[in-house]
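Shown next, in structure tokens, is the structure this report addresses.
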Protein chains: 2
Amino acid sequence: MDPQWMDKLVIKNDAKMVFLIMDGLGGLPMDGRPGTELETAKTPNLDALARGGVCGLLDPIAPGITPGSGPAHFALFGYDPVSTNVGRGLLSAAGLDFPITERDLCMRVNFATMDAWGQITDRRAGRIDTETNERLCRKLKEGIRPAPGTELFFATEKEHRALIVLRGDNLHEEITETDPQQTGLPPISPRALVPEAEFTSGLLTDLLAQAKMVLADEPKANMLLLRGYARYHRFKSMSERFGLSPVAIASYPMYRGIARLLGMTVHTPTSSLEEEISALETTWPDYDFFFVHVKPTDSRGEDGKFDEKVKVIETVDALLPRITALHPDVLVVTGDHSTPATLAAHSWHPVPVLLAAKTCRPDRVEHFGEGDCLFGGLGRMPTSSLMTVALAHAGRLTKFGA
Amino acid sequence: MDPQWMDKLVIKNDAKMVFLIMDGLGGLPMDGRPGTELETAKTPNLDALARGGVCGLLDPIAPGITPGSGPAHFALFGYDPVSTNVGRGLLSAAGLDFPITERDLCMRVNFATMDAWGQITDRRAGRIDTETNERLCRKLKEGIRPAPGTELFFATEKEHRALIVLRGDNLHEEITETDPQQTGLPPISPRALVPEAEFTSGLLTDLLAQAKMVLADEPKANMLLLRGYARYHRFKSMSERFGLSPVAIASYPMYRGIARLLGMTVHTPTSSLEEEISALETTWPDYDFFFVHVKPTDSRGEDGKFDEKVKVIETVDALLPRITALHPDVLVVTGDHSTPATLAAHSWHPVPVLLAAKTCRPDRVEHFGEGDCLFGGLGRMPTSSLMTVALAHAGRLTKFGA
């Protein structure tokens, strides 16, 4: 939820809150074995926390809805995930720390391979390496002449993925994406979906024609596919809404991007979970809200690797004492969505959540797992309500009404 | 929920879904015995389904709200029951397969008995039989002269209940109902509730005056009471919203009417539960959504017959193997609302629900009953969310956001 009246209840104090987010945490049993990934993992520290705290299940968007990580994280931070849902281009731009302005249209771009007949033969250009991507972005920057009154920015994301920002006046995002979604078809033209977007679609048609010429001599990456158009959108920051001074410890661009859009300080990327916890320890005196993002739970789930996802959870459990040693006033452990290894994809199943604080009313949960969370004291609620409950346990919300 | 953004996530596949709706399924204990009707019934097949599937409780409209069958069914099919709530007249017209147009005002009519002093002595005209009703409709059709520019249609529903459709321009539905709701009082005049409805109320006043004269010589049914005014309303079909090809196997007019309003094919009425299941088997290759409506659970509940309602549930349980033998991808068993025999009426108590599919996360429910459903993995949710969850388990929803 994103209701103004709730934000008005916020008061400030010195309480510190940690949101330990294991991406894709929720799971399902696989191959006839009885438990989910979380239920299979040996997690003595999480279980102890569950016994002292309160557990439950979260619906990231709504029952039955499988979320992308973007809206699911907005919900975790207390923002309505539907009304804040923005194009991937904006998340990419924020993740790359691109200085977005109000005149910008951000686009997520894939380099692709096109044959002599104009048909896409590889939608990811053979997953070119990041260095090639950087070279191509320079080549496009040098070779393309922006239309009068506009500017173009090209930035490498990773492998075949890049960001293009078109800066100008009267730009609109209601344009068809050009990725045909399967090989053997030509790219789709960037058509205006509303009359006001005609001018923008013309600019993009010209951009693609020029890009095709500039990339004509490339063996693999000889075409661009445009997706995730997004105009600039300003969000109320977590500081404005909740009076928090937040820091994000996350290494993947999209999560860093979301954190930046919501006004979090974004810590330098780390290269392991241990380093993330070290970053938490280092930044501890300087902030009061800590978003710690664990990516491999989701990655192993997406790969269909049940046992490896179990291991990631056990690794996090082993690191947990370093977090509790900091004595956070509120420690939340949950995921943004479920990624059951057996589905090898995000899913709609509700996400287990654990909240530890001094003001928890005891429930009967003995182990942190989906089955036990069904009986937890937090019950089942939308993910976007979690921040309110966490703020309450942090003593950061005053009474509503007299 | 009926949000546009959710419908945009729909994808098509070959998955088949069955909604087995036992009308008024939810119950209460009676006469000091411990269980509800569903808990008392011996239901080995439903229990087995519950062990492999996932259970929960549904709120048809909102906690504490007792629904009519109309809005409760709209919710089951994924439509917001409050914004789609329409006058009973429209449901009656649809149920009778009346070819409604945009110029129509539909009314639910009761034949009633009025004494010489103009007071209603029987609001149902001694429950005249359906043949008498048909004769009276013909008599009204012949005897009443519609106002210039308007047409009138009279159709028998059942016993004392009929449908009148007034066709014309500038008709409005904001008119007081004329049923005084108790005997010994005169009918209420059809007064306009908004100024625009003055013209319509004049037409209805004239209609009632003429009807009174035409029926003057009838021993019982000498008056009409008008209720459930409803203008034409077009609903987005389940095919448009969910990409489904739905069929309704239901024998009662109102349920057939709702199904028709939502674009379902409506199967020929059957005369027993066995025949309903046979209809399911016969239509199996041709559709992908099957609404199977079981009425007697509600009827026995309304009659206050606890043991008979138990028996109906046991009959359905015995027929269940014929449904599971079809291997639906998603099988939902629930009710539209509760009708506890001890109350002999619809009630606000949440409705037990069971969903069976391959992608269910195990919960610990061993028996399908209200008490066990409290601990089910579906949790407690609005009935209107059920369709979203069912579509998710059918693989018919894509991800929300990036």
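First the proteins, then the strands, lettered A, B, ... as listed; each starts at 1. Owing to the predicted nature of the structure, the values given are computational and were not obtained by experimental measurement.
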Of the listed residues (A:Arg108, A:His346, A:His337), which shares the most heavy-atom pairs with chain B below a 4.5 Å separation? A:His346
Of all heavy-atom pairs between A:Ile65 and B:Leu9, which one has the smallest distance, and what is that distance? CD1-CD1, 3.9 Å
Can you tell me which of A:Gly26, A:Ala345, A:Gly68, A:Ser347 forms the most heavy-atom pairs within a distance under 4.5 Å of chain B? A:Gly68
Side chains of A:Pro340 and B:Arg361: closer than 4.5 Å at any heavy-atom pair? no
How long is the gap from CD1 on A:Ile61 to OG1 on B:Thr388, to the nearest 0.5 Å? 12.5 Å
Pick from B:Thr398, B:Val389, B:Leu374: which one has the most heavy-atom pairs with chain A under 4.5 Å? B:Val389
Using a cut-off of under 4.5 Å for heavy-atom pairs, which of B:Leu391, B:Thr359, B:Leu386 has the most such pairs with chain A? B:Thr359
Measuring heavy-atom distances to chain B, does A:His349 have an atom under 4.5 Å in its side chain, in its backbone, in both, or in neither? both
Nearest-0.5 Å distance that lies between atom CE in B:Met381 and atom CG in A:Asp59: 9.0 Å
Aromatic plane relationship, A:Trp348 with B:His393 - under 30° parallel, 30 to 60° tilted, over 60° perpendicular: perpendicular
Best-contacting candidate, A:Cys373, A:Ala72, A:Pro350, A:Ser69, against chain B by heavy atom pairs under 4.5 angstrom: A:Pro350
Verify, without hydrogens or angle tests, whether A:Arg380 (side chain) and B:Leu378 (backbone) share a donor-acceptor contact under 3.5 angstrom. yes
List the atom of A:Pro81, the atom of B:Phe400, and the distance in Å for their closest heavy-atom pair. O-CE2, 3.6 Å
In terms of heavy-atom contacts, does CZ of A:Phe375 have more than 12 from other residues, nucleotides or ligands at under 6.0 Å? yes
Distance-minimising heavy-atom pair for A:Gly64 and B:Ala392: O-CB, 3.2 Å
